[in-house]
Amino acid sequence: MNGAAESILAVVARVPRGKVTTYGAVAEQAGWPRRARLVGRVLGALPAGSHVPWHRVVAAGGRIALPEGSRAREKQMSRLRQEGVDVSAGRVDLRRFGWRSPAVDLDAWLWRVGDEN
DNA sequence: TAATTGACCGATC
DNA sequence: AGATCGGCCAATT
């Protein structure tokens with residue numbers, strides 16, 4: 001297990017029930033900006049017994065990224081619905097169900113303060 | 001060794 | 001709304 005996978009899974013593990021985030025957002029929050037594909041690879045390689053809530057990660061714009069007709073896609077949608085997330089036409093409304101780690105805002109705030117000198 | 005692929009993304013037209 | 005493009009890069013072919 002390398003550090004990238006660990007930091008990525010740590011971010012995914014923080015996504016609360018009933019909320020979703022995106023591959024790109026996870027990558028950014030994990031310290032690997034523009035590495036959305038890395039997030040997809042890591043989640044795709046999760047062992048079967050993992051407790052990581054991979055189903056709360058969707059593609060940009062709220063699209064379900066898994067291939068249509070795949071077992072994993074159906075599982076993701078049913079799990080999301082089970083926790084109260086509306087999924088219609090293979091999409092989730094990020095304005096209602098999107099989630100971002102508070103740490104991002106804190107970092108932004110710290111940066112802004114630092115820029116004043 | 002080279003080319004292709006993919007659970008991606010944002011900008012641009 | 002859909003298509004293209006460049007960025008990204010490890011795994012697979």
Side-chain angles (χ1 to χ4, degrees):
Chain A
M1 190 73 107
N2 59 48
E6 279 191 30
S7 55
I8 285 167
L9 295 180
V11 171
V12 174
R14 286 206 278 287
V15 183
R17 259 176 62 93
K19 292 288 179 180
V20 301
T21 187
T22 66
Y23 295 94
V26 170
E28 191 173 339
Q29 292 166 40
W32 297 91
R34 294 181 296 286
R35 300 293 303 280
R37 299 191 99 121
L38 175 61
V39 176
R41 272 204 312 281
V42 169
L43 294 186
L46 279 177
S50 173
H51 286 210
V52 177
W54 58 267
H55 60 283
R56 297 184 190 136
V57 184
V58 298
R63 284 180 10 267
I64 303 293
L66 282 91
E68 248 178 281
S70 71
R71 188 64 101 27
R73 183 190 177 91
E74 298 308 316
K75 177 179 288 188
Q76 177 171 30
M77 296 198 297
S78 68
R79 281 190 183 178
L80 286 177
R81 286 172 178 139
Q82 188 179 321
E83 38 187 79
V85 176
D86 286 344
V87 185
S88 61
R91 312 176 107 255
V92 170
D93 186 347
L94 292 180
R95 293 175 303 180
R96 288 167 58 201
F97 303 107
W99 178 86
R100 298 199 138 250
S101 165
V104 171
D105 295 333
L106 178 58
D107 282 348
W109 183 79
L110 290 172
W111 265 105
R112 186 167 55 74
V113 170
D115 282 346
E116 289 175 4
N117 279 329

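Per chain, numbering begins at 1; letters A, B, ... match sequence-line order.
For B:dT4 and C:dC5, the P atoms lie 16 Å apart once the distance is rounded to whole Å. The gap from the P atom of C:dT4 to that of B:dT5 amounts to 16 Å, rounded to the nearest Å. With both ends at atom C1', the span from C:dT13 to B:dT1 equals 12 Å, rounded to whole Å.
The main-chain N or O of A:V87 is found under 3.5 Å from a side-chain atom of A:R81 such that the two form a donor-acceptor pair. Panel note: side chain A:E28, backbone A:P33; no donor-acceptor pair is recorded below 3.5 Å. Side chain of A:S50 to backbone of A:P47: no donor-acceptor contact under 3.5 angstrom is found. Side-chain N or O atoms of A:K19 include one that pairs as donor or acceptor with a backbone N or O of A:R96 at under 3.5 Å. Listed for the A:Q76 side chain is a donor-acceptor partner under 3.5 Å among the backbone atoms of A:V57. In this structure a side-chain-to-backbone donor-acceptor pair under 3.5 Å is present from A:R73 to A:L66.
Computed from coordinates, the A:L9 CG to B:dA7 P distance equals 17 Å when rounded to whole Å. Whole-Å rounding puts the A:R41 CZ to B:dC8 C1' distance at 11 Å. One interatomic measurement links the two molecules: CG of A:L38 to P of B:dC9, which rounds to 13 Å at whole-angstrom precision. Summarising the geometry, the separation between CZ on A:R34 and P on B:dC9 is reported as 14 Å, rounded to the nearest angstrom. Between the CH2 atom of A:W54 and the P atom of B:dC8 there is a distance of 13 Å, given to the nearest Å.
You'll find that the side chain of A:T22 is closest to B:dC9, out of B:dC9, B:dG6, B:dA7.
At a threshold of 4.5 Å between non-hydrogen side-chain atoms, the residues A:L43 and A:V26 do not count as touching.
Contacts of A:G44 with the nucleic acid, taken as non-hydrogen atoms under 4.0 Å apart, include base atoms. The residue A:R37 sits close to a base: some heavy atom pair falls under 4.0 Å.
At a non-hydrogen distance threshold of 4.0 Å, A:A65, A:L66 from residues 62-87 of chain A come into contact with DNA chain B.
Across every non-hydrogen atom of A:P16 and A:R56, the tightest pair is O-CD, 3.4 Å. Across A:R63 and A:V58, no two heavy atoms sit closer than the pair O-CB, 3.4 Å.
Nucleotides of DNA chain C lying under 4.0 Å from heavy atoms of chain A occupy a range whose first and last members, 5' to 3', are C:dG7 to C:dA10.
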